[in-house]
Novice: 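Questions regarding the structure given below will be posed in turn.
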Amino acid sequence: TLLRELAGVYLILGDRQRHRAYSLAAIALASAPEPVTTAAQARALPGIGPSIAAKIEAFVKTDRCAVLDRIYLSRKWEVMSRLVGIWGVGPSTAAHWMARGIESVEALRESGTLLSDRQAMGVKFYDDFQARMPRDEIDVHIGVVAKVVDELPDARDLGLVTVPAGSWRRGKSSAHD
């Protein structure tokens with residue numbers, strides 16, 4: 001939904017206050033007894049103020065969100081979303097690197113920046129982590145994991161099962177999660 005997308009964007013940008021506000025608003029909107037189409041209806045829900053209510057109404061009318069459009073076109077979004085895509089890197093670290101002029105994985109590699117073990121692995125395998133895996137290849141991996149789990153001692157007694165999730169569960173043709 002729009003509010004969950006905004007919450008996710010603000011999480012990546014490191015804006016904890018907006019992330020929390022949009023997350024709570026998304027929960028309130030999802031629990032509304034009837035569809036919400038106006039700012040007034042949105043304002044009646046707990047945790048939704050005038051600004052978020054106006055965005056909900058505008059989105060319902062136009063199927064667009066000007067704030068998201070601006071963010072997705074910004075240089076900050078381009079850089080932050082790329083840097084937090086490195087395993088082991090959160091918004092604070094990405095913002096710190098961005099302030100130092102590091103705006104890409106290549107620039108990070110060349111900078112000589114001291115990295116944690118996770119970050120070093122994230123940089124080393126960045127392209128692999130970003131690559132999408134076809135569904136039929138995922139099915140092979142699921143089969144291997146399920147076989148290993150089934151062969152564990154007491155697996156059945158403990159109720160261990162293999163449950164694929166993420167993009168695979170949602171029926172996507174490929175995934176990187």
Novice: Hey, what's the ring geometry for Trp87 with Phe129, parallel, tilted or perpendicular (30° and 60° as the breaks)?
Specialist: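 Trp87 and Phe129: perpendicular rings.
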Novice: Measure the shortest side-chain to side-chain distance between Glu5 and Tyr10 over non-hydrogen atoms and say whether it is less than 4.5 angstrom.
Specialist: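 No, too far: nothing below the 4.5 Å cut-off.
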Novice: Start with the C-alpha distance between Leu2 and Leu68, add both sets of side-chain angles, then the distance that settles side-chain contact (heavy atoms from CB on, under 4.5 Å), and finish with yes or no.
Specialist: CA-CA 9 Å; Leu2 168 69; Leu68 276 176; 3.6 Å; yes
Novice: Check whether the side chains of Ser23 and Arg20 place a donor and an acceptor atom closer than 3.5 Å, and report yes or no.
Specialist: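 Ser23 vs Arg20: no donor-acceptor pair found between side chains.
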Novice: Just verifying a value: how many Å separate Arg118 CZ and Ile86 CD1, rounded to the nearest 0.5 Å?
Specialist: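 With rounding to 0.5 Å, CZ (Arg118) is 14.5 Å from CD1 (Ile86).
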Novice: From Leu83 CG over to Thr93 OG1, what is the distance, rounded to the nearest 0.5 angstrom?
Specialist: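 It is 10.0 Å, given to the nearest 0.5 Å.
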Novice: Specify the closest pair of heavy atoms between Ala26 and Arg4, including all atoms of both residues, with the distance to one decimal.
Specialist: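 Where Ala26 meets Arg4 most closely, the heavy atoms are CB-CG, 3.8 Å.
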Novice: Looking at Phe59, is its backbone amide N or carbonyl O close enough to the side chain of Arg64 to form a donor-acceptor pair, meaning the two atoms are under 3.5 Å apart?
Specialist: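 Not a single qualifying donor-acceptor pair exists.
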Novice: Between Ser74 and Glu78, is the side chain to side chain donor-acceptor pair (under 3.5 Å) condition met? List the steps.
Specialist: CA-CA 6 Å; Ser74 72; Glu78 179 186 341; over 6 Å; no
Novice: Could you tell me the separation between the CG atom of Leu3 and the CD1 atom of Ile48, rounded to the nearest 0.5 Å?
Specialist: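 Reported to 0.5 Å precision, the distance equals 6.5 Å.
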Novice: Find the distance between CD1 (Ile102) and CD (Glu110) and round it off to the nearest 0.5 Å.
Specialist: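 Interatomic distance, Ile102 CD1 to Glu110 CD, rounded to 0.5 Å: 10.5 Å.
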Novice: Within the distance-only criterion (no hydrogens, no angle test), does the side chain of Gln119 pair as donor or acceptor with the backbone N or O of Gly88 below 3.5 angstrom?
Specialist: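 It does hold such a pair.
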Novice: Counting heavy atoms not belonging to Arg18, are there more than 12 under 6.0 Å from its CZ?
Specialist: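 No, the 6.0 Å shell around CZ holds no more than 12 heavy atoms from other groups.
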Novice: Does this structure show an ion pair linking Glu103 with Arg82, if we count only N-O contacts that are shorter than 4.0 Å?
Specialist: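 Answer for the salt bridge query: no.
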Novice: Go through the steps for Val9 and His19 under the test side-chain contact (heavy atoms from CB on, under 4.5 Å), then give the verdict.
Specialist: CA-CA 8 Å; Val9 164; His19 165 71; over 6 Å; no
Novice: Counting only heavy atoms not in Arg16, do more than 12 sit closer than 6.0 Å to its CZ atom?
Specialist: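 Check fails, neighbour count at 12 or below.
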Novice: Using modelled atom types and a 3.5 Å cut-off, is there a donor and acceptor pairing between side-chain atoms of Arg169 and backbone atoms of Pro164?
Specialist: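 Checking the backbone N and O of Pro164 against the side chain of Arg169, no donor-acceptor pair under 3.5 Å is found.
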Novice: List the steps, then state whether side-chain contact (heavy atoms from CB on, under 4.5 Å) holds for Trp168 with Asp139.
Specialist: CA-CA 9 Å; Trp168 188 92; Asp139 290 336; 2.7 Å; yes
Novice: When rounded to the nearest 0.5 angstrom, what is the spacing between CZ in Arg43 and OG in Ser51?
Specialist: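 Reported value, rounded in 0.5 Å steps: 10.5 Å.
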Novice: For residues Arg100 and Thr113, is any side-chain donor paired with an opposing acceptor at under 3.5 Å?
Specialist: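 Their side chains do contain a donor-acceptor pair, which is all the 3.5 Å distance test asks for.
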Novice: Between the side chains of Thr37 and Gln41, is a donor N or O closer than 3.5 angstrom to an acceptor N or O?
Specialist: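 Present: a donor and an acceptor within the cut-off.
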